[in-house]
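One is the number of the first residue; the rest follow in order along the sequence. What you see is a predicted model, and the numbers here were worked out from it, not measured in a lab.
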Amino acid sequence: MRIIDLLKADAVELNISVNSKADAIDKMIALHEKAGNLKDVNMYKSAILERENQGSTAIDEGIAVPHAKSDSVKTAGLSAITVPAGVDYNAPDGKPSDILFMIAAPLDGDLHLEILSRLMVMLMEPEFCADLRNTKTTDEFLSVIDKKEREKYPSEPKAEINEVKKGYRILAVTACPTGIAHTYMAAEALEKAGEKLGCPLKAETNGSGGAKNILTKKEIEECDGVIIAADKNVEMARFDGKPVLKTSVSNGINKPEELV
């Protein structure tokens, strides 16, 4: 399964205009309905709004990824819009959002969440987002996504480069209430910041499908400190005796270098 298996052409609209965050949400929900992803539209909208009430799902640099995991979802999927003029989505940097993906996830199963996490990681790359903004047709939009995914996640997995590192100076745990979008984006941002600053960092994701990339006892013993970028409770006893910085998952995405 790949990202474009979850993003149907019927669920994409490019270069549109929306007047508000509420209009953008309604548009993306309508696209999910059009693609046949929902059992109960009103119930799904309530789940989306509940997640937004916990904090805006907008990311810096024009990206927003509203998401919900709900029994109202019939088929896991994505909808997407591009808004050249942008829409105020209450982003942390105050900038309008012009690339918006909405994730619909059912309560059972987590395979699709692994696939969706790939998109979250890809959206952390400015070049990829620029390519999406430049597309003129739905086919081109989907092609950009598929090409990038195949480059970043080839069929034959690359050898784990983390294993050859001599240890992680910093460890992190990322988690958001639904464990879908922000969880993986924060982990990617923190690991990139650690690499840039010369502080090897490993991030455990406490996602909807359970913890992944789990921190080992040895790694915890040998690290200099731990970053908890989470909007829900995570197991803390294992970090006793270590310097721990607790913050929101959005700060993990938007302020990774500062945290490191």
> Could you walk me through whether L201 and E195 pass the side-chain contact (heavy atoms from CB on, under 4.5 Å) check?
Replying inline: CA-CA 7 Å; L201 184 150; E195 183 178 358; over 6 Å; no

For [Y], is there any backbone N or O sitting under 3.5 Å from a side-chain donor or acceptor partner on [X]?
| X | Y | result |
| --- | --- | --- |
| T75 | N37 | no |
| N213 | A203 | yes |
| T174 | T205 | no |
| D93 | E61 | yes |
| N134 | D131 | no |
| T82 | N15 | yes |
| E140 | T135 | no |
| E149 | I3 | yes |

For [X] against [Y], the heavy-atom pair lying closest together:
| X | Y | answer |
| --- | --- | --- |
| I220 | K242 | O-CE, 2.8 Å |
| Y44 | I103 | OH-O, 2.9 Å |
| I170 | C199 | CD1-CB, 4.1 Å |
| A58 | P92 | O-CD, 3.5 Å |
| A11 | L78 | CB-O, 3.4 Å |
| P84 | I16 | CD-O, 3.5 Å |

Side-chain touch [X]/[Y], heavy atoms, less than 4.5 angstrom:
| X | Y | answer |
| --- | --- | --- |
| H32 | V41 | no |
| E151 | K148 | yes |
| L38 | V73 | yes |
| F101 | I63 | no |
| L132 | M122 | no |
| N206 | K232 | yes |
| K21 | D88 | no |
| I253 | D60 | no |

Would you say [Y] ends up clustered with [X] if hydrophobic residues are merged whenever their side chains have heavy atoms under 4.5 Å apart, either directly or through other cluster members?
| X | Y | value |
| --- | --- | --- |
| L14 | I29 | no |
| V249 | Y184 | no |
| I214 | V173 | no |
| V144 | M124 | yes |
| V121 | L7 | yes |

> Taking NZ, NE, NH1 and NH2 as the nitrogens, is one of them in R150 or D146 under 4.0 Å from a carboxylate oxygen of the other?
Replying inline: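 Yes, R150 and D146 are salt-bridged.
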
Should the heavy atoms of other residues, nucleotides or ligands under 6.0 Å from [atom1] of [X] be counted, would the total exceed 12?
| X | atom1 | value |
| --- | --- | --- |
| K246 | NZ | no |
| R169 | CZ | no |
| K192 | NZ | yes |
| K196 | NZ | no |
| N233 | CG | no |

Spacing of [X] atom [atom1] and [Y] atom [atom2] [to the nearest 0.5 Å]:
| X | Y | atom1 | atom2 | answer |
| --- | --- | --- | --- | --- |
| I81 | I25 | CD1 | CD1 | 10.0 Å |
| Y89 | E52 | OH | CD | 4.0 Å |
| L31 | L100 | CG | CG | 11.0 Å |
| I228 | E204 | CD1 | CD | 8.0 Å |
| R51 | I48 | CZ | CD1 | 9.5 Å |
| K95 | S97 | NZ | OG | 11.0 Å |

>> Among E222, E191, E219, which residue satisfies the salt bridge (charged side-chain N to carboxylate O under 4.0 Å, His left out) criterion with K202?
In response: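 The single option meeting the salt bridge (charged side-chain N to carboxylate O under 4.0 Å, His left out) with K202 is E219.
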
>> As a quick check of understanding, evaluate side-chain contact (heavy atoms from CB on, under 4.5 Å) for R238 and V226, giving each step before the final call.
In response: CA-CA 11 Å; R238 54 185 166 154; V226 182; over 6 Å; no

